[in-house]
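Inspection log for the structure reproduced underneath, given as structure tokens.
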Amino acid sequence: MIHDNFLPKYYLKELQEYFLGDNCEWHYSPNTTYYCPDDIDFGSMGFSLNLCVDGEYFPTFPATLCRSLITSAQEIAEDFSKSLMKPYRARADMTIYNPDRFRHSIHTDYNFPHTTAIFYLNTSDGNTLLFDDDKIVNEIEPVENRLFVFDGLSPHTGHSPSQHKQRVLINMNFVKK
């Protein structure tokens, strides 16, 4: 389920000014797909920033800034899943330029039922891919202000951008209440 022009322009601008500006305190991650401190796959590196974990929001400016986005995405996740949901995890992710159009590992965020929502903060190459039996069934372009919602148990991945400096998104996972 794709929702373009998801947020009001003023709120999108606030998010972009922070996450695409020079004040965001990104944390280096050797692998943006999953935690692997000794990862030797150089193309998988990027940056992330936790906003909410296990349903608890971090007491930080970025978490407060994103709370309305997460709440709005939660409503869409509830429509999608046809049940009441609550945030389980939310984090900002930035993958950076890789001239080889690096495709990250195919994965699910968790191995229990959940709904995933990806909000794209900037337009970039580096599509998100959904799989079924190792076949691509959906390919979503990262377009600013686009929300993409899907069954979190669907294997998926993304690409690092090869034509832009960065691909920045907010990844949100919701579970049933």
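Since the structure is predicted, the reported quantities are computational estimates derived from the model, not experimental observations. Position 1 is the first residue of the sequence; numbering continues from there.
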> Looking just at side-chain N and O atoms, do H156 and T108 make a donor-acceptor pair shorter than 3.5 Å?
Replying inline: no
> Charged N to carboxylate O below 4.0 Å: is that the case for R89 and D109?
Replying inline: yes
> Can you name the one residue among T95, T128, D125, N127 that meets side chain to side chain contact (heavy atoms under 4.5 Å, CB included) with P142?
Replying inline: N127
> Quick one: does D100's side chain get under 4.5 Å of S162's, heavy atoms only?
Replying inline: no
> Would you call L7 and L15 a side-chain contact if the rule is heavy atoms closer than 4.5 Å?
Replying inline: yes
> Can you find a pair of side-chain heavy atoms, one from Y11 and one from L69, that are under 4.5 Å apart?
Replying inline: yes
>> Using side-chain heavy atoms (C-beta onward) and a distance below 4.5 Å, is R103 in contact with T157?
In response: yes
> Are any of the side-chain heavy atoms of V149 and L147 separated by less than 4.5 Å?
Replying inline: yes
> With a cut-off of under 6.0 Å to the ring centre and 45° to the axis, is R167 in cation-pi contact with Y120?
Replying inline: no
> Would you say the side-chain atoms of Y88 and D54 include a donor-acceptor pair closer than 3.5 Å?
Replying inline: yes
> Any side-chain heavy atom of T116 within less than 4.5 Å of one from F80?
Replying inline: no
> Is any side-chain heavy atom of F150 closer than 4.5 Å to a side-chain heavy atom of I140?
Replying inline: no
